[in-house]
Student: 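The structure that follows is given in the form of structure tokens.
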Amino acid sequence: MMTRYDTNAIEPKWQKVWLDKGCFEASEESDKERFYALVEFPYPSGVGLHIGHPRPYTGMDVLARARRMQGYNVLFPIGWDAFGLPAENYAIKNNIHPAEVVRRNVERFRGQIRRLGLSFDPAREVNTTDPEYYKWTQWIFLKMVEKGLAYKAEMPVNWCPSCKCVLANEEVVGGLCERCEAPAEHRDKSQWMLRITRYAQRLLDDLELCDFPARVAAQQRNWIGRSEGAEILFPIAGTDETLRVYTTRPDTVFGATYMVISPEHPLVDKCPPKNAEEAAAYRAAAARKSDFERTELAKDKTGVRLEGISAVNPATGGEIPVYISDYVLMSYGTGAIMAVPGHDTRDWDFAKAFGLPIVEVVKGGDVTKEAYTDTETGTMVNSGFLNGLEVEDAKKAVAEWLEREGLGEPKVRYKLRDWVFARQRYWGEPIPIVHCPACGMVPLPEEDLPLRLPEVQNYKPSDTGESPLAAISEWVNTVCPRCGVPAKRETDTMPQWAGSSWYFLRYTDPNNPGEPASKEALRRWMPVDWYNGGMEHTTLHLLYSRFWHKFLYDVGVVEQPEPYKKRTSHGFILGSDGTKISKSKGNGMDPDEVVNTYGADTLRLTILFIGDFEKGCRWSEQIIKGCRRFLERVWAAAHSPFASSVPETKLHQTIQKVSGDIEGMKFNTAIAAMMSLLNEMEKGCSKADMLLFLRLLSPFAPHICEELWALLGGKGLCCEAGWPEHDPAKTVEDTVELAVQINGKLRGTVTVPRGCPDGEAAAAALQTEKIAAAAAGRSPDKTIVVPDRLVNLIFR
RNA sequence: GCGGACAUGGUGGAAUGGCAGACACGUUGGUCUUAGGAGCCAAUGGGCAACCGUCCGGGUUCAAGUCCCGGUGUCCGCACCA
């Protein structure tokens, strides 16, 4: 008598067994080959696990489970990236301490994750808000201070008026705060910065060492934004000042008919123009604009000429006017440009608006009509000693000339900016620095770490740009660790990205009290073999953590230059209406509800079967039913009387397909292959077939497989059984059906023995009725035979 | 503007240059049922057909969804980056 497939009974039962037996715990003793599979650890928010989590987790869980069955010693950990604004905001709103909020949320997340049957290592959780963890985050920061990689500087930064804290460049998306979408403002603030720019070239070069998807590597390359050019000095006529510009096209210097400096450029103060008031007004207006307004809205060129100021074009010797305009950014290059309106659309627009001369220096276009920018190649004109040279040669000639005359030098620039590494909020790692009136900034000694967050009553942010910690006088006021005089603590905290920049190292040795992780553990587990995560972190966490890892490599903590061998990225699941899933729209699903109704195994199958793992897809209620139906049929088949075996070929083909598809994250086609095999098995299969099938399915739908494995008397646990191996010889049939084409069009098929010689195949094809009729007694002019695939008969 | 990806039935999606539409959903018909929005069986790209079919137009090839050239459209990332 077949029992009902009752997921609510089966699933918790096996989850407990797995946990009690420690099935998912990585071993430090095992001499099996190791495999480190990593997913991005979640931010444990108040609303619990959401739709975004199960897909990457399940995908990597399939891989981790398959690897264990394949005999690897697998590290597949999870943790909690629990610092950050949402916990703090939630805490403020509900008047609960953030630490308590985190404790509750983590508990909920842990339970939800377990209910999905995810095989995360229960013995290696990390939590970025645990002082024993952030002690090491602080320790790494101090190492950076020591090496001059962390510094404090007064500079214009992005300020989110809604979050009330500064933002890193990477956190500003289209001029808006990445988190709350408020327009980011400019503020001049003294900030802790990390010198990620020092690693720009290595972060770029070492992409070679990383097996990243093309789009990830391209995006990082783009973000680092390397460009080659030159700096050229333009003297300011009648003064000792020079204007230093950066250009990628020094060869066009003869076409520079005016100059533009950014409104923030210091030259305006050094050389006051005659129209100082007008210039000041323009600068003030520019300062008021947000980045959003400056870059997104104001594409029309505006500016003010600095009257009485002119620069000397070192190539022509001619005097050219100088303008301030907000289309030139202080944050890139030198904040000043030589404008070559003939060959740059922005300069052309500006020149037209202000009636400035436009000179053609590369032949090809008509610069009176528009800027001619197709100048990768071409011949120089109107360019003195460069005339007649090809662009490529002109570049070399100009470079030599600049160096010879001391007028400039070749220069490599990056778009990458240093990383603003301070937040004016409570819920983050305190920056372990003391400001001493005598000694200046003094790092806390290592033995004073962790520097714990103080218990406070009010952790609301202020509008003044100061952290709430600044109001806790008993915490702020301390003594200088160096000289002992009264001093004040740094009150800013680290950004959310700090803890996640090295968490994958801590997993290798999560409870080590004396170092981030032991050398042995790091040697055993690093680098991460396979890291799956979201595209949205490509220029945030993924770049940041590569940077930290390189730093830790330089100071001898880790032994490899790159942390991740292989990176994959899952596509997002959108709502049934094609938009982002949200509870209020009711267009999606709640993982808990789906587990309650259909079971975790069905949910796991559904989110993998719904489409290509690496592409986005829409959620659909329909697919769930199909997956549940499939599991019902597996259940029924395992309870049916066994009979003769399924064809061996089918079995071995499926093993091969599923094994290969797991490696390629083609989970949808792996599941399709198993559905297809089940269709075959329903016609009759042996118990051995079923046991094999269960092993194949087990990484995808582990609970039902475990239950049926036990029912059928499988040895041990299904999740610990060996992974089935296919015999390549058994994946092929003895006979094959050849497609028969006439002039490339399919006209029939013919069955021949495998490996049948070309001549025989062609003869067999010609003997089939349809083909013989079409041939009408003629013999083909040409015959193409693709062994075991097709015969193409060509009649002219 | 720069960089990346993509375009296949009613739907989600499969196809190392070699039988397009695997696998599922849906639909239709049948069956079993007091009942069926459950299960099972069958059919299902279009067309009566010859044939025609993978966004559009060319090309390479015995053979193109797949490769090449030129368009169109969609999505993603970056962007007055000099």
Side-chain angles (χ1 to χ4, degrees), chain A residues 173-175 213-227 229 245-249 252 256 260 262 294-296 298-301 325-329 331-340 343-347 349-350 373 413-417 535-536 538-539 571-572 578 605-606 609-612 614-627 629-630 632-633 636 657 666 668-679 682 737-749 780-796:
Chain A
V173 178
R215 54 184 174 157
V216 172
Q219 221 167 292
Q220 288 208 347
R221 216 171 275 130
N222 196 287
W223 188 259
I224 294 167
R226 183 187 167 118
S227 73
V245 304
Y246 174 70
T247 175
T248 53
R249 295 303 299 269
T252 62
V260 185
S262 152
R294 235 171 113 163
T295 62
E296 297 296 311
K299 297 280 186 189
D300 286 339
K301 297 290 176 288
S325 172
D326 61 7
Y327 85 91
V328 172
L329 308 174
S331 56
Y332 185 74
T334 60
I337 62 159
M338 63 174 206
V340 184
H343 305 283
D344 181 288
T345 46
R346 294 154 301 168
D347 296 345
D349 291 346
F350 190 88
T373 56
R413 285 271 173 194
Y414 303 90
K415 282 195 239 173
L416 187 68
R417 299 270 79 83
M535 279 306 291
E536 75 278 18
T538 299
T539 54
F572 283 110
L605 277 180
T606 305
F609 186 61
I610 197 164
D612 187 326
E614 306 202 337
K615 288 189 196 135
C617 56
R618 285 190 192 191
W619 180 248
S620 143
E621 276 302 316
Q622 314 298 345
I623 303 227
I624 299 191
K625 293 196 181 133
C627 289
R629 203 175 286 166
F630 168 62
E632 295 275 5
R633 283 166 47 208
K657 177 76 179 150
K666 302 292 177 196
N668 52 339
T669 49
I671 293 166
M674 289 186 283
M675 287 174 167
S676 179
L677 176 58
L678 181 68
N679 289 343
E682 283 173 333
E737 194 182 53
L738 299 183
V740 181
Q741 299 179 333
I742 294 178
N743 294 338
K745 288 189 198 291
L746 182 72
R747 286 294 177 267
T749 59
D781 297 293
K782 192 174 175 187
T783 305
I784 311 276
V785 180
V786 181
D788 298 336
R789 299 303 284 261
L790 61 67
V791 177
N792 190 4
L793 305 167
I794 315 299
F795 295 92
R796 295 217 172 81

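Order of the sequence lines fixes the chain letters, A, B, ..., with proteins taken first and strands second; residue numbering starts at 1 for each chain. The figures here come from the full heavy-atom set of this structure, side chains too, leaving out hydrogens, waters and symmetry mates.
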Student: For the atom pair OG1 (T539(A)) and CG (L416(A)), what is the distance rounded to the nearest 0.5 Å?
Tutor: 10.0 Å
Student: Write down the partner of C23(B) under the Watson-Crick or G-U wobble criteria, each distance required to be under 3.5 Å.
Tutor: G12(B)
Student: What's the CG-P distance between L678(A) and C40(B), to the nearest Å?
Tutor: 11 Å
Student: With both distances kept under 3.5 Å, what pairs with U72(B), Watson-Crick or G-U wobble?
Tutor: A7(B)
Student: Under 3.5 Å, is there any donor-acceptor pair linking the side chain of K301(A) to the base of C80(B)?
Tutor: yes
Student: I want to verify a distance call: between C78(B), C19(B), A82(B), whose nearest atom is closest to the T248(A) side chain?
Tutor: A82(B)
Student: Taking the P atom of each, how far is U8(B) from C75(B), in whole Å?
Tutor: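 One P to the other, the span is 14 Å.
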Student: Report yes if a side-chain nitrogen or oxygen of Y246(A) is closer than 4.0 Å to either non-bridging phosphate oxygen (OP1 or OP2) of A82(B); otherwise report no.
Tutor: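 Y246(A) to A82(B) OP1/OP2: no side-chain N or O under 4.0 Å.
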Student: Going from CG on L793(A) to CZ on R747(A), what distance comes out if it is rounded to the nearest 0.5 angstrom?
Tutor: 11.5 Å
Student: By nearest atom, which of the nucleotides C80(B), C78(B), C19(B) is closest to the R789(A) side chain?
Tutor: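 Ranking C80(B), C78(B), C19(B) by closest atom to the R789(A) side chain puts C19(B) first.
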Student: Does the structure show a Watson-Crick or G-U wobble partner for A82(B), both distances under 3.5 Å? Name it, or say none.
Tutor: none
Student: Check whether any side-chain N or O of N668(A) sits under 4.0 Å from OP1 or OP2 of C23(B), and answer yes or no.
Tutor: no
Student: Applying a 3.5 Å limit to both distances, which nucleotide forms a Watson-Crick or G-U wobble pair with G17(B)?
Tutor: none
Student: Out of A82(B), G12(B), C62(B), which has the shortest distance to the side chain of S227(A)?
Tutor: A82(B)
Student: Return the CG to NZ distance between D349(A) and K301(A), rounded to the nearest 0.5 Å.
Tutor: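 Taking CG in D349(A) and NZ in K301(A), the distance rounds to 5.0 Å.
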Student: Return the CD1 to CG distance between I784(A) and L790(A), rounded to the nearest 0.5 Å.
Tutor: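 These two atoms lie 9.0 Å from each other.
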Student: Among G77(B), C23(B), C62(B), which is the nearest nucleotide to the side chain of M675(A)?
Tutor: C23(B)
Student: Report the distance from atom CG of L793(A) to atom P of G18(B), rounded to the nearest whole Å.
Tutor: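 Atom-to-atom, L793(A) to G18(B), this comes out as 19 Å.
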Student: Starting the side chain at C-beta, find the nucleotide from C78(B), G12(B), A82(B) nearest to T247(A).
Tutor: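 Of C78(B), G12(B), A82(B), A82(B) is nearest to the side chain of T247(A).
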Student: If you round to the nearest 0.5 Å, how far is CG of D347(A) from CE of M338(A)?
Tutor: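 Output value for this atom pair is 9.0 Å.
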Student: Please compare M338(A) and G616(A) by the position of their nearest nucleotide in RNA chain B and report the one closer to 5'.
Tutor: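 The 5'-side residue here is G616(A).
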Student: Base, sugar-phosphate alone, or nothing: which one does F609(A) contact when heavy atoms must sit under 4.0 Å apart?
Tutor: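 Result for F609(A) = base.
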Student: Determine: side-chain N/O of N679(A) to OP1/OP2 of A24(B), distance under 4.0 Å, yes or no.
Tutor: yes
Student: Side-chain N or O of R629(A) less than 4.0 angstrom from OP1 or OP2 on G39(B)?
Tutor: yes
Student: Using the glycosidic torsion, which applies to G9(B): syn (within 90° of 0) or anti (everything else)?
Tutor: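 This nucleotide is in syn.
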Student: Using purine N1 to pyrimidine N3 plus N6-O4 or O6-N4 for Watson-Crick, or N1-O2 and O6-N3 for G-U wobble, both under 3.5 Å, which nucleotide pairs with U66(B)?
Tutor: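 Partner of U66(B): none found under 3.5 Å.
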Student: Please report the distance, rounded to the nearest Å, between CG in D347(A) and P in A82(B).
Tutor: 12 Å
Student: Under a 3.5 Å cut-off for both distances, is U61(B) Watson-Crick or wobble paired, and to whom?
Tutor: none
Student: Less than 3.5 Å between a donor and an acceptor, one on the side chain of E737(A) and one on the base of C19(B), is that the case here?
Tutor: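 Answer is yes: a donor-acceptor pair is held.
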Student: If you check every side-chain atom of L746(A), which of A20(B), C51(B), G77(B) has the closest atom?
Tutor: A20(B)
Student: If you only use heavy atoms from C-beta on, which nucleotide in G18(B), C23(B), C78(B) is closest to the side chain of V173(A)?
Tutor: C78(B)
Student: Provide the distance between the two P atoms, one in C23(B) and one in C40(B), to the nearest whole Å.
Tutor: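 Taking atom P in both C23(B) and C40(B), they lie 16 Å apart.
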Student: Given 3.5 Å as the limit, does a donor-acceptor pair link the side chain of R417(A) with the main chain of S331(A), or not?
Tutor: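 Flag set: sc R417(A) to bb S331(A) pair under 3.5 Å.
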Student: Quick one: R618(A) CZ to C75(B) P, roughly how many Å, whole number?
Tutor: 12 Å
Student: Would you indicate which nucleotide in A82(B), C78(B), C62(B) comes nearest to any side-chain atom of K782(A)?
Tutor: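 Output: C62(B).
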Student: Tell me the interatomic distance from D612(A), atom CG, to A7(B), atom P, rounded to whole angstroms.
Tutor: 11 Å
Student: Within the distance-only criterion (no hydrogens, no angle test), does the side chain of N743(A) pair as donor or acceptor with the backbone N or O of F795(A) below 3.5 angstrom?
Tutor: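 Confirmed, N743(A) side chain pairs with F795(A) backbone.
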Student: In whole angstrom, give the distance that lies between atom NZ of K625(A) and atom C1' of C23(B).
Tutor: 19 Å
Student: Is there a Watson-Crick or G-U wobble partner for U54(B) with both distances under 3.5 Å, and if so, which one is it?
Tutor: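 Checking every strand shown, U54(B) finds no partner, since no pair has both distances under 3.5 Å.
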Student: Take atom CG of D344(A) and atom P of C2(B), then tell me their distance rounded to the nearest Å.
Tutor: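 In whole Å, C2(B) P lies 13 Å from D344(A) CG.
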Student: Work out how far the C1' atom of U16(B) is from that of C2(B), and round it to whole angstrom.
Tutor: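 U16(B) and C2(B) have their C1' atoms separated by 33 Å.
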Student: If the cut-off is 4.0 Å, is R417(A) near the phosphate of C78(B), judged by side-chain N/O to OP1 or OP2?
Tutor: no
Student: Check every atom of C80(B), G13(B), A15(B) against the side chain of T669(A) and return the nucleotide holding the closest atom.
Tutor: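 Selected nucleotide (nearest to the side chain): A15(B).
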Student: Which nucleotide in the list A82(B), G18(B), C52(B) gets nearest to the side chain of V786(A)?
Tutor: G18(B)
Student: Should the pair Y246(A) and Y332(A) be assigned to parallel (<30°), tilted (30 to 60°) or perpendicular (>60°) ring geometry?
Tutor: perpendicular
Student: Between the base of C62(B) and the side chain of N792(A), is there a donor-acceptor distance below 3.5 Å?
Tutor: yes
Student: Would you kindly give the CG-to-C1' distance between L790(A) and A64(B), to the nearest whole Å?
Tutor: 13 Å
Student: Given that both distances must come in under 3.5 Å, which nucleotide forms a Watson-Crick or G-U wobble pair with A35(B)?
Tutor: none
